[in-house]
2 protein chains.
Amino acid sequence: MLAKNNSQVQILPMKTAKKRSSDKKITLVDVADASGVSAITVSRVINQPEKVSESLRIQVQKAIDALGYIPNQHASSLASSKSKVIGVAIPSLSNIVFTEVLRGIYEVMGAAGYKVLLVDTHYSPLEEEKMVRTLLSQSPEGLIITGGDQTKACQNFLHKARIPIVQIMELLADPIDMNVGFAHGRAGFDVVKYLLGQGYERIGFIGARMDPRVQQRMQGYKLALEQAGKFEKNYIVTTPEPSSIGVGGELFKSLMASTNGVIDAVFCVNDDLALGALFEAQRMNIRVPQDMAICGFNDIEAAGYVNPSLTSVSVGRYEMGVKASEMIIRVLNDKPIESKKIDMGYEIRKRASTTRLL
Amino acid sequence: MLAKNNSQVQILPMKTAKKRSSDKKITLVDVADASGVSAITVSRVINQPEKVSESLRIQVQKAIDALGYIPNQHASSLASSKSKVIGVAIPSLSNIVFTEVLRGIYEVMGAAGYKVLLVDTHYSPLEEEKMVRTLLSQSPEGLIITGGDQTKACQNFLHKARIPIVQIMELLADPIDMNVGFAHGRAGFDVVKYLLGQGYERIGFIGARMDPRVQQRMQGYKLALEQAGKFEKNYIVTTPEPSSIGVGGELFKSLMASTNGVIDAVFCVNDDLALGALFEAQRMNIRVPQDMAICGFNDIEAAGYVNPSLTSVSVGRYEMGVKASEMIIRVLNDKPIESKKIDMGYEIRKRASTTRLL
DNA sequence: AAGCACAATGATTGCGCTATCATCAGCATG
DNA sequence: CATGCTGATGATAGCGCAATCATTGTGCTT
């Protein structure tokens, strides 16, 4: 009685129905009918093929291919409460910093069979809260979110979610779950120390967007200058606008204007700003690095190739995405992780734009 | 009998169960019980609030907030066969060209309440086929995919999907459904005509990755030079590697070497390559634009700011994402669209790097 | 006052799949 | 030869929600 009742129901009514309207969605049952097995066997062929005998497996697979069957993930997720979805929230799609992290995430998650549902929070905690709701409504198996300034409500949701969560980009004092990042404040501090070491004395600061991580870099900058007794608050020029090369040029001009040109170095919170400052300095006939040092942040590819090459702070963005993803996958597979918090570190890539010539 | 049977079942058993284990997933029914209404009313509060009286709506909303209820999208999608998901397939996450298109897509889709499921095909039609299956398994309501070189099987799936599909980036002779892009071949042709018009005579070509769109640009380049009787096949240097500034520099050196430096202009298929060529030329003490014109493609921000500023072909990437998304949304809302095919056009931004000085 | 339209709410059912348990044949064990 | 075990397959139930249709109450018309 294994194939009898099936073959009865199968051929005649199904076939005609299907031929007539090829728009009908093909389901597991259709495949089961077509291949003369039960629905659950088809399910097994797809999800646990090792549990099905080879002959049946081939037979079913043939039907799957013939019908062009594509499983309905919603039904599967509902029944199994496994979505194979990882939610990712980043503040900006257009910022190269995040797209490289994303690359790492997609690489690892894709290989592990997870889909990535990506949302853009536009640097707004409120937007982020909405987006996290959206993510959670997809029953993700894990979450990667940026930074630590979630709203109270958002934190609540996240805690209640009971799934592995990694907060990336910065090191957090009190992470929700896991954390991969680096110390932005210390990086800013180190940059200034380095510039001071190169003999630059009046070090300006250019910042845009001013998200929490940028603020931390600025605090580091400030601290180092204060320690050296060289902090002047009008050496800082910032804007809430997003970063861009154009904005970098504008801010550089502002800085030069507001300080009457006494500045002999600029720390820009990212490389777009730094490139803008550099190009603008060239147009203003200010020699870099002789009269002006310029240091960026992130070490994008252009930094190494522009003339003069641009000093910048290199951080393993791709690796950060990889690490965060691996942590989640390990947790999902009940494997131990070394630590819930990983400091990716950073490195100042010293190049021509800050090298005092002898 | 409107609230009676509810209140019976409700308070005592549910409450205790919930208090004990706060990890139990909260469902529509929990909210219904907690607020003394039926499940379907809760559903309405969420999806069609205008159909529920204000008093009840507030009462239910209170319960939703109190319980921190988040709807299960899988169940919703399964029951309503509406996923509110749009699938997007792009060949590369790290290419700025696509991230800007993505921005446009996210902007429009987010505002319209759609989630974006994004996959990366790594410029491989086979990978793309797999990814499209993944997308389709999520029952997306629409699809945005890049270009036209899908595998046969993939095309099959797409045709069978019966959802609005937009192929973006290039103009296709035979699109699956809708199409938004621009004419890469013509753009390449026009660039060469422009360079010839500027008086450059021995125009080289630098290309990387060599995806279909890059090939089209190259064909345009070739055609224009052939028409002018100035085509030399050793003026073309390409690599299958991904584009980067570094690769641009290398290819420029190769081109100079293989042509003994007779080249007086280069058309680079994108701005990364062009910047690499420009920076390398500077290092080689080749004057741009006096001894060498350099033209890029895509008109990224840096092109306008680098010294000398870089001529490039500007295309509305963000707008392309917006247009594609709007088309899908219009179709989903049964609104008419002007045309199934949209040519976004392009514009050569003529800058210093190709301006023959008098 | 009867009839009707309409707004507000609820009961039932099923979306497509998988978890769970049941069944059964084949075979080894004592 | 009874017992238990294993591997392969199936039957059933239910995941959480919304479509559909049913029910009730309200105000209005005539």
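First the proteins, then the strands, lettered A, B, ... as listed; each starts at 1.
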- Task: Calculate, to the nearest 0.5 Å, the distance between atoms CG and CD1 belonging to A:Leu93 and B:Ile105 respectively.
- Result: 10.0 Å
Could you give the [atom1]-to-[atom2] distance, from [X] to [N], as a whole number of Å?
X	N	atom1	atom2	result
A:Gln48	C:dT18	CD	P	9 Å
B:Gln138	C:dC17	CD	P	13 Å
B:Asp33	C:dA11	CG	P	11 Å
B:Leu78	C:dC17	CG	P	9 Å
B:Arg57	C:dA7	CZ	P	15 Å
A:His74	D:dC17	NE2	P	14 Å
B:Leu56	C:dA7	CG	C1'	13 Å
A:Ile46	C:dC17	CD1	C1'	10 Å

- Task: Could you check B:Glu54 against A:Lys82 and say which one's nearest nucleotide on DNA chain C is further toward the 5' end?
- Result: B:Glu54
Considering only heavy atoms from C-beta outward, does the side chain of [X] approach that of [Y] to under 4.5 Å?
X	Y	value
A:Ile144	A:Val101	no
B:His122	A:Glu107	yes
B:Thr27	B:Asn72	no

- Residue whose closest nucleotide on DNA chain D lies nearer the 5' end, B:Ile70 versus B:Arg44: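 It is B:Ile70 whose nearest nucleotide is closer to the 5' end.
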Is the distance from OP1 or OP2 of [N] to the nearest side-chain N or O of [X] less than 4.0 Å?
X	N	result
B:Ser81	C:dC15	no
B:Ser80	D:dA18	no
B:Asn72	D:dC15	no
A:Ser43	C:dT18	yes
B:Ser38	C:dG10	yes
A:Tyr69	C:dC17	yes

- Task: Under 4.0 Å between any heavy atoms, over every strand shown, what does A:Leu28 touch: base, sugar-phosphate, or nothing? Just pick one.
- Result: base
- With A:Gln150 as reference, evaluate A:Glu128, A:Gln155, A:Glu129 under the side-chain hydrogen bond (donor to acceptor under 3.5 Å, both in side chains) test and give the passing residue. A:Glu128
Between [options], which nucleotide has the shortest distance from any of its atoms to the side chain of [X]?
X	options	result
A:Asn47	C:dG16, D:dA18, C:dT18	C:dT18
B:Ser53	C:dT9, C:dT18, C:dC17	C:dT9
A:Ile40	D:dA11, C:dG10, D:dT9	D:dA11
A:Thr41	D:dG14, D:dA18, D:dT9	D:dT9
B:Val37	D:dA18, C:dG10, D:dG14	C:dG10

- Where is the tightest heavy-atom contact between A:Ser92 and A:Tyr123, given as atom of each residue plus distance? CB-CE1, 3.6 Å
